[in-house]
2 protein chains.
Amino acid sequence: MSDPAPDPATAALAHDLRMACMRVARRVRFDVGNTIAPHHFSVLVRLHEQPRTLGELAAIEQVSPPSMSRSIDQLADLGYVVRSPDPDDGRLVRLSLTGEGRDVVGRERELRDAWMAARIEGLSDADRTVLRRATDLLEGLLEADRGGAQSRASGSGEAR
Amino acid sequence: MSDPAPDPATAALAHDLRMACMRVARRVRFDVGNTIAPHHFSVLVRLHEQPRTLGELAAIEQVSPPSMSRSIDQLADLGYVVRSPDPDDGRLVRLSLTGEGRDVVGRERELRDAWMAARIEGLSDADRTVLRRATDLLEGLLEADRGGAQSRASGSGEAR
DNA sequence: TCTAACTCATTACCCGATCTAACGATAGCT
DNA sequence: AGCTATCGTTAGATCGGGTAATGAGTTAGA
């Protein structure tokens, strides 16, 4: 392992693809919604996947437990999240979404998806087929190192 | 304009493609570098494109002029940016990168590109061709509404 | 021409978010 | 039972950002 200079075309593709993805992400974040703070939405998405403890959530979001505790305070005040004690371990606090919390996630996702849909609707079927295949490839790449060397907790992509 | 329900395949593609892009962006931000604060790097990238005035930069980065002024203070202390008076208009402050500032941008970009390169190196030529075409399509989509309805200032994709 | 209005950057002050350190509370081990 | 580790919260400090007010500089009109 040392990446002894990949060929120029691959290097250029890596750069261009990375830039394109980051630009899409940036545009979505800037142009869409803003009905909820980005870090709050990110938390809701994690809890939409499954209920979690506060410590888990803090680790996933790469934030200290006290910070996450404060965020949860706010999301609980908004009625999007509920704290409940863990039946097996009294130290843990289990977090889960309320129905309203799930609605918020659903609405925001619709807005974001609509942003992207509006841009690919005008493409030809052939072009959309290319994007479909590329998307599947990207998903494979992202999935590939989920259990890999570093096995990071980052991944939902809905973040911030 | 009203998007009267696009076909399901397109809607699914929009969702999956957006998610994939955002996940890539998130992973790059989390996994790579962290040698410089994200908002600082974003500013350096804008100045790497071309010298700008403080007000321009604040508008592009969507922060208030006072905040940008403070960020520039820090980047100037780090030796990455220099303020210089505009010869034609004494009110303006022209901002440009130092050699070291350019080096920082270069190094960070290399790290980020290497992250992506490491993931696409293992693909077949056919798969990389798909990604190449998809990247070009995405660049077209991003470019398409640069002069469009809202003509937002967001676009570098190197941000945050 | 010279003053009034406007523009750009900075300074002053406040708020919100995050961090580390310290503190109960609960589990688990010996 | 008692000791130690873990989880979440509270306390205090720091940092990034926002609005309001200030000062320098430019532009336009009497």
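Since the structure is predicted, the reported quantities are computational estimates derived from the model, not experimental observations. In what follows, chains are A, B, ... by sequence order, proteins preceding strands, each numbered from 1.
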Whole-Å distance between [N] [atom2] and [X] [atom1]?
X: B:Leu54; N: D:dA24; atom1: CG; atom2: P; value: 18 Å
X: B:Glu61; N: D:dG17; atom1: CD; atom2: P; value: 10 Å
X: B:Leu92; N: D:dG23; atom1: CG; atom2: P; value: 20 Å
X: B:His39; N: C:dT18; atom1: NE2; atom2: P; value: 14 Å
X: A:Arg91; N: D:dA5; atom1: CZ; atom2: C1'; value: 8 Å
X: B:Leu95; N: C:dC8; atom1: CG; atom2: C1'; value: 12 Å
X: A:Gln62; N: C:dT20; atom1: CD; atom2: P; value: 13 Å
X: B:Ile72; N: C:dT11; atom1: CD1; atom2: P; value: 14 Å

Practice task
For A:Arg94, report the nucleic acid contact type (base, sugar-phosphate, nothing); a contact means any heavy atom under 4.0 Å.
Solution key: nothing
Exercise for the section: Mind checking B:Ser69 for me? I need base, sugar-phosphate or nothing, with any heavy atom below 4.0 Å counting as a touch. Expected result: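 The residue B:Ser69 makes sugar-phosphate contact but no base contact.
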Practice task
Measure from the side-chain heavy atoms of A:Ser67 and tell me the nearest of C:dT26, C:dC19, D:dA24.
Solution key: C:dC19
Completion exercise
Among D:dG17, C:dA27, C:dT18, the one nearest any side-chain atom of A:Asp89 is C:dA27
Problem - Presence of salt bridge, A:Asp73 and A:Arg83, under 4.0 angstrom - result: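 Salt bridge flag = yes for A:Asp73 with A:Arg83.
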Output yes when at least one side-chain N/O atom of [X] is less than 4.0 Å from OP1 or OP2 of [N], else no.
X: A:Ser71; N: C:dT18; answer: yes
X: B:Ser64; N: D:dG17; answer: no
X: B:Arg83; N: C:dT10; answer: yes
X: A:Gln74; N: C:dA17; answer: yes

Problem - Donor-acceptor contact below 3.5 Å, side chain B:Arg133 vs main chain A:Val130 - result: no
Problem - B:Arg112 side chain vs B:Val32 backbone, donor-acceptor pair below 3.5 Å - result: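 Not a single qualifying donor-acceptor pair exists.
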Handout entry: Co-membership, hydrophobic cluster, residues B:Val82 and B:Tyr80, 4.5 Å side-chain
Key =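 No, B:Val82 and B:Tyr80 fall in different hydrophobic clusters.
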Problem - DNA chain C: 5'-proximal contact among A:Asp86 and A:His40 (nearest heavy atom) - result: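 Whichever sits nearer the 5' end wins; that is A:His40.
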Exercise for the section: Nearest-nucleotide wise, let me know which of B:Thr53 and B:Arg70 is further upstream toward the 5' end of DNA chain C. Expected result: B:Thr53
Handout entry: Of B:Ser71, B:Ser69, B:Ser64, the residue whose pairing with B:Ser67 passes side chain to side chain donor-acceptor pair (under 3.5 Å)
Key =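 For B:Ser67, the side chain to side chain donor-acceptor pair (under 3.5 Å) test succeeds with only one of B:Ser71, B:Ser69, B:Ser64, which is B:Ser64.
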